[in-house]
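What you see is a predicted model, and the numbers here were worked out from it, not measured in a lab. Below, all heavy atoms of this structure are taken into account, side chains as well, without hydrogens, waters or symmetry copies.
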Amino acid sequence: LHHIVHPMVSQYAKILINKNLCFDGIDSSYYLLNDENGIVNAFEEYAVRCLTESFKGGTPPTDLAKYIEELIVNLNTPR
């Protein structure tokens, strides 16, 4: 799923960086050097895990872009 999610996550990089959030269940190693690339990388992993759970639960999103946007909007855990 990473190869599908990555381009969409990249589109929201500035928003993710400005929010400066941590993502539930994502190990600190995904944040790399805690720089901009690390924040985007950690969110991509978070999005892939959420997407995987939605598929496993039988409720895959019909619009992946909207799904990613909703994940971002619903984030609120500051780093």
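Distance CG/Leu16 to CD1/Ile68: 9.5 Å, rounded to 0.5 Å. The CE atom of Met8 sits 4.0 Å away from atom CG of Leu64, with the distance rounded to the nearest 0.5 Å. Residue Ile17 holds its CD1 atom at 8.5 Å from NZ of Lys14, rounded to the nearest 0.5 Å. Note that CZ of Arg49 and CG of Leu1 are 12.5 Å apart. Values are rounded to the nearest 0.5 Å. The structure places CG of Leu51 at 5.0 Å from CZ of Phe55, a figure rounded to the nearest 0.5 Å. Atom CG of Leu21 is separated from atom CD1 of Ile15 by 11.5 Å, given to the nearest 0.5 angstrom.
Side chain of Asn74 to backbone of Glu70: a donor-acceptor contact under 3.5 angstrom is found.
Between Phe43 and the choices Phe23, Tyr30, Tyr31, the ring-ring contact (aromatic ring centres under 6.0 Å, His included) rule is met once, by Phe23.
Note on Ile4: it clusters hydrophobically with Leu71, by side-chain heavy-atom contacts below 4.5 Å among ILVMFWY residues.
For Lys66 and Glu69, the salt-bridge test fails: no basic side-chain N is under 4.0 Å from an acidic carboxylate O.
Closest non-hydrogen pair, Ile72 versus Lys19, comes out as O-NZ, 3.0 Å.
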